[in-house]
Amino acid sequence: MSYYEIQGGRPLSGSLAIHGAKNSVLPILAACLLAPGQSVIHNCPDLSDVSVTLDILRLLGCRADREGDTVLIDASALGRSDIPEHLMREMRSSVIFLGALLARLGTAELSYPGGCELGPRPIDLHLSALRTLGAEIWEEQGALCCCRGQGGLSGREICLSIPSVGATENIMLAACGCPGLTTVVGAAREPEIIDLQNFLRSLGAEVKGAGTPVIAIQGGASLHPAEYRVMGDRIAAATYLCGAAAAGGEVELTGVLPDHLTAVLTCLEEAGCTIHTGPDRIALAGGPSLRSISPVRTAPYPGFPTDAQAVLMAALAGGEGATLFVENIFDSRYRHVDELRRMGADIQVAGRAAMVSGVGRLHGAAVRSPDLRGGAALVVAALGAEGTTQVSGLRHIRRGYQALDKNLRALGADIREVP
Ligand code: EPZ
């Protein structure tokens with residue numbers, strides 16, 4: 001099994017263009033189903049989750065071709081509405097296809113998206129919302145079957161008890177196929193939701209309110225293909241910033257909006273980093289050593305993003321002083337803690353809380369990625385650690401980071417993939 005071999009202690013320096021956002025491009029690719037014809041998506045990152053999504057589009061009857069960081073999706077010949085289990089298992093977020101297939105074809109069938117490393121991943125909010133719009137949904141031999149109900153689909157008001165990102169996106173996509181006004185109250189406010197709204201508008205859809213708790217979709221219009229550029233990946237940016245904070249040095253990231261990372265930048269400044277920002281760039285200079293900061297409580301946007309919890313923890317574990325983390329979004333998002341402990345980290349976990357006591361500097365070890373962001377956290381820890389670290393389980397990392405090793409090498413890190 002291949003692994004990264006990392007010699008820690010090399011400060012990072014240089015400039016890096018951040019790739020397109022995984023959590024934005026996945027719903028945007030699903031949204032291409034809504035419009036017959038060829039849509040062109042620029043700044044599409046080369047990630048395994050994106051490859052799975054393109055495979056699903058092809059299986060459904062679309063053409064999906066990649067030319068560098070541009071993908072061309074032609075949904076004219078969309079003919080199938082069933083996503084087989086093996087593809088659903090590869091990527092839980094394939095549930096996002098539900099809304100788009102229902103809107104375009106009036107039917108959808110997919111196997112229950114399995115849980116994943118973050119604990120159970122319920123989709124009750126997705127299903128109850130689609131039923132409110134008029135869908136009939138039932139289970140048949142482990143598959144989820146959906147179709148337009150007797151009365152057809154029509155716009156409704158939907159209140160979300162949790163500002164679920166995926167449920168908000170599924171409703172936006174389904175509502176495009178529902179004549180009338182759909183209002184989502186309690187919607188997720190993440191930047192990726194705004195990116196999806198902007199893409200839907202480019203298709204000719206009437207959508208407004210993304211970024212606020214209330215989103216309105218006037219559905220039923222025929223949509224046309226469009227050309228669109230995906231936003232930069234704020235979580236990948238947070239990862240590189242935490243890497244520079246852990247290893248020391250000065251890096252500049254371009255192609256990412258600082259406003260998308262306010263909560264993370266605030267924590268890094270409190271820990272002793274110097275940060276300068278421009279309209280679409282972030283520069284960070286790491287301090288000699290990171291110090292403890294106020295409690296980090298993950299929350300829906302604009303709160304501290306759960307996806308950046310592991311990488312910030314990894315950076316602070318090698319610093320000074322104690323910092324409390326509270327993971328409020330997922331039930332099981334501390335699976336990187338055991339691996340960080342192998343590197344000398346002092347972290348005490350009790351339920352949703354984790355107390356990280358900086359040990360001055362971690363040491364190298366052989367560690368295994370438990371999930372996507374946990375794997376990235378181990379790389380962050382290794383960059384600042386004394387000695388050599390081997391990080392295996394690269395399939396997790398490849399889901400969300402394009403050329404992580406190559407990019408870090410370009411910034412001066414001593415990292416190579418050992419096949
Ligand atoms: C999206 O997942 C992201 N994934 C996640 O990023 C991110 O961590 C998460 O939003 C929160 O920001 C993609 O966009 C592909 P949720 P999603 O629905 O939509 C509960 C990464 O590392 N919930 O906002 O699945 C759920 O269990 C990934 O890039 C229900 O109870 O997250 C969780 O506790 C990991 N019922 C909370 O809501 C539902 O029907 C937030 O989940 C749906 C969700």
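This structure is a prediction, so every number in the text was calculated from the model and none was measured. All values below come from the heavy atoms of this structure, side chains included, with hydrogens, waters and symmetry mates left out.
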Practice problem: Give the intermediate values and the outcome of side-chain hydrogen bond (donor to acceptor under 3.5 Å, both in side chains) for residues Ser15 and Glu252. | Solution: CA-CA 5 Å; Ser15 182; Glu252 177 197 54; 2.8 Å; yes

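- Among Thr168, Leu125, Thr182, Leu130, the one residue that satisfies the side chain to side chain contact (heavy atoms under 4.5 Å, CB included) test with Ile158 is Thr182.
- Contact record, Leu223 with Ala205: CD2-N, 3.5 Å, taken as the closest heavy-atom pair.
- Between Arg368 and Glu339 there is no salt bridge, since no side-chain N of the basic residue sits under 4.0 Å from a carboxylate O of the acidic one.
- Thr298 and Glu327 share a donor-acceptor pair across their side chains, judged by distance under 3.5 Å alone.
- In this structure, a donor-acceptor pair under 3.5 Å is absent between the side chains of Glu227 and Ser39.
- A salt bridge links Arg398 with Glu417: the closest approach of a Lys/Arg side-chain nitrogen to an acidic carboxylate oxygen falls below 4.0 angstrom.
- Enclosure of atom CZ in Arg63 is not indicated, since only 12 or fewer non-hydrogen atoms of other residues, nucleotides or ligands lie within 6.0 angstrom.
- Between Glu270 and Arg291, none of the side-chain N atoms (NZ, or NE/NH1/NH2) sits under 4.0 Å from a carboxylate O, so this pair counts as no salt bridge.
- Of the options Asp371, Asp49, Asp307, a salt bridge (charged side-chain N to carboxylate O under 4.0 Å, His left out) to Arg399 is made by Asp49 and by none of the others.
- In this structure, Arg297 CZ and Ile329 CD1 are separated by 13.5 Å, a value rounded to the nearest 0.5 Å.
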Exercise. Determine, stepwise, if the pair Arg373 / Tyr401 fulfils side-chain hydrogen bond (donor to acceptor under 3.5 Å, both in side chains).
Key: CA-CA 10 Å; Arg373 305 305 176 182; Tyr401 294 92; 2.9 Å; yes

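- When each of Leu290, Leu316, Leu312 is paired with Thr323, the side chain to side chain contact (heavy atoms under 4.5 Å, CB included) condition holds for Leu316 and for no other.
- Atom CD of Glu67 has 12 or fewer neighbouring heavy atoms from other residues, nucleotides or ligands inside a 6.0 Å radius.
- Ile6 contributes atom CD1, which lies 4.0 Å from atom CD1 of Ile415 (distance to the nearest 0.5 angstrom).
- Thr306 and Arg333 share a donor-acceptor pair across their side chains, judged by distance under 3.5 Å alone.
- For CZ of Arg342, the number of neighbouring non-hydrogen atoms (other residues, nucleotides, ligands) closer than 6.0 Å is 12 at most.
- For Tyr228 and Asn43, the side-chain atoms include no donor-acceptor pair closer than 3.5 Å.
- In terms of heavy atoms, Thr70 sits closest to His42 at OG1-ND1, 2.7 Å.
- For CZ of Arg361, the number of neighbouring non-hydrogen atoms (other residues, nucleotides, ligands) closer than 6.0 Å is greater than 12.
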Quiz prompt | Candidate pair Ser13 and Glu250, rule side-chain hydrogen bond (donor to acceptor under 3.5 Å, both in side chains), full reasoning | solution = CA-CA 5 Å; Ser13 66; Glu250 293 193 31; over 6 Å; no

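- Comment: Asp331 engages Arg352 in a salt bridge, judged by a side-chain N to carboxylate O separation of less than 4.0 angstrom.
- To the nearest 0.5 Å, the span separating CD on Glu109 from CZ on Phe97 amounts to 15.0 Å.
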Exercise. Given side-chain hydrogen bond (donor to acceptor under 3.5 Å, both in side chains), test Glu5 with Thr388 step by step and report yes or no.
Key: CA-CA 7 Å; Glu5 184 165 274; Thr388 306; 6.0 Å; no

